[in-house]
Amino acid sequence: MREGEFELIQHCFAGKAQVRHPSVLLGIGDDASIHALPAGQEWVVSTDTSVQGVHWPEDMPLQTAGKRAVASALSDLAAMGAEAVCAWLNVICSGRQQVHAMAEGVTHALETFGVMLAGGDTVHGPVNSISVTVAGYLPAGTAMRRDQVRAGQCLWLCGRVGFAALGLQQWLQGERNSAGVDAFVNIQPLLYAGKRLREAGVRSCIDISDGLLQDAGHLARASRVALELHLDALPAWNLLRQQAGERAAELALGGGEDYALLFAAPKDLPALEGIAVPIGRSLSRGEEGTVQVYCDGRIIESVDAGYDHFAE
Ligand code: ADP
Ligand code: MG
């Protein structure tokens, strides 16, 4: 029998991911899903879209693209410190086979990260793309926000930057087995670390998706502080320099797709030991919204500011 839209949804999504969450009272199958919120908690919701040829290379398997789309969406919940609960998927595919492939990766990611599929939409279209909406919750008033950096705090990084961008370049040159390609392909949303930070009292955080410099700029502007970053303090900086040579600074600052967490906290917060490293500070002086980058004691003046979809 020909697999129509409803069979396709059933085969690929409704009957696939096995994760359930008690807060989802009604999931796939009705016009909308229904959700309960435990007392004292707040919802945290985020959505992201990825398009073939823009967000992932044309020759990347759709399974991988689906997996990456879910993982990168969950990184936004990690940055807020939320407990991930469920996801909705809007899938646009050029054929049934493409839906199956994308769904396979999505299902794998949902199961890996323990996230329930609560609904979505599946439509036919000329370019394969996927939008993932994710929801989670956390105790009311405790979310880590971009606008809560205080002057005089230490800036911390959890995770690595620069390797995913190196991996994308290597992928485009045909490489499939390198640490960089692995970082680019296997996005790890730092959900556990995000929750730990929030529980430790951290109030300001951002995930690095568009490049360290651009995302640090978002923190600086939202919090109206000046920030100082030290490249040579980055986790695995020497390894990146070994692997990327002169392009290391550009990749670390402007590469993107790192899904590391940049956050502000006191320098001596014991809970941070082993999960993050200090890479800079917020200044009590300096121009609001600016980011100064240093390497080996010298200020770096000219750096790429990250990816802008609508840049001319
Ligand atoms: P409606 O016509 O009411 O918008 P649909 O026919 O689009 O509903 O979808 C039927 C059910 O299947 C809905 O509950 C919807 O949330 C779910 N669904 C459709 N596509 C997906 C998908 N890609 N992932 C998860 N659930 C989906
Ligand atoms: Mg309907």
Side-chain angles (χ1 to χ4, degrees), residues 1-38 41 43-58 60-78 80 82-137 185-189 191 209 257 259:
M1 192 189 78
R2 187 182 160 277
E3 188 185 42
E5 182 187 333
F6 298 102
E7 291 80 20
L8 193 59
I9 293 171
Q10 186 57 36
H11 293 159
C12 292
F13 301 105
K16 270 281 153 57
Q18 291 305 311
V19 186
R20 298 284 175 272
H21 197 282
S23 70
V24 182
L25 305 178
L26 185 64
I28 296 176
D30 214 312
D31 290 313
S33 53
I34 303 178
H35 302 262
L37 183 61
Q41 307 277 309
W43 283 117
V44 178
V45 181
S46 175
T47 195
D48 267 310
T49 299
S50 324
V51 178
Q52 186 168 36
V54 180
H55 299 88
W56 74 83
E58 298 280 353
M60 174 176 271
L62 293 179
Q63 285 89 340
T64 307
K67 213 155 58 169
R68 289 181 83 250
V70 171
S72 66
L74 289 171
S75 174
D76 285 326
L77 294 186
M80 305 296 285
E83 177 102 46
V85 169
C86 61
W88 296 260
L89 302 174
N90 285 22
V91 171
I92 303 176
C93 278
S94 55
R96 280 192 289 272
Q97 207 189 327
Q98 286 77 3
V99 178
H100 277 273
M102 193 105 87
E104 205 182 293
V106 161
T107 303
H108 185 277
L110 292 171
E111 286 177 345
T112 301
F113 303 116
V115 173
M116 179 175 174
L117 190 55
D121 202 11
T122 309
V123 303
H124 184 265
V127 181
N128 297 312
S129 64
I130 177 169
S131 294
V132 184
T133 303
V134 288
Y137 50 62
V185 165
N186 295 309
I187 296 171
Q188 296 299 324
L191 287 161
S209 52
E257 308 247 27
Y259 303 105

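Numbering of ligands and ligand atoms starts at 1, following listing order. If you read the sequence from its start, that first residue is 1, and numbering goes on from there. Please read these numbers as outputs of a predicted model, since none were measured by experiment.
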* Heavy-atom distance to atom 1 (P) of ligand 1: which of V132, V123, D31 wins? -> D31
* To do: Any ring pair (Phe, Tyr, Trp, His ring centres under 6.0 Å) involving residues 87-124? Give me the pairs, sequence neighbours left out, ordered by first then second residue.
  => H35-W88
* Contact atoms of ligand 1, heavy-atom distance to D30 under 4.0 Å -> 13 (C), 14 (O)
* Under a 4.0 Å heavy-atom limit, does T122 contact ligand 1 with its side chain, its backbone, both, or neither? -> both
* To do: Please examine the side chains of L110 and F13, heavy atoms only from C-beta on, and report whether any two atoms are closer than 4.5 Å.
  => no
* Asked: Going by heavy atoms, is W88 under 4.0 Å from ligand 1?
  -> no
* Asked: Should G29 be counted as touching ligand 1, given the test is an N or O pair under 3.5 Å?
  -> yes
* Could I get the full list of side-chain hydrogen bond (donor to acceptor under 3.5 Å, both in side chains) partners for Q188, not counting sequence neighbours? => none
* Asked: V115 versus L74: any side-chain heavy-atom pair under 4.5 Å?
  -> yes
* To do: Taking only heavy atoms of G119 into account, list the atoms of ligand 1 that are under 4.0 Å away from them.
  => 16 (O), 24 (N), 25 (C), 26 (N), 27 (C)
* Structure fact -> Quick note on ligand 1: atoms under 4.0 Å from a heavy atom of I28 include exactly 12 (O), 14 (O), 17 (C), 25 (C), 26 (N)
* Structure fact -> Checking heavy atoms under 4.0 Å, the part of N90 that sits near ligand 1 is neither
* 4.5 Å side-chain heavy-atom contact, T47 and N90 -> no
* Report yes if some N/O of G120 lies less than 3.5 Å from some N/O of ligand 1; otherwise report no. => yes
* Contacting atoms of ligand 1, where contact means under 4.0 angstrom from a heavy atom of F6 -> 6 (O)
* Asked: Judged by atom type as modelled, is there a donor-acceptor pair below 3.5 Å linking the side chain of Q18 to the main-chain atoms of E111?
  -> no
* Asked: Nearest heavy-atom pair of S72 and D48: which atoms, and what distance?
  -> O-OD2, 4.3 Å
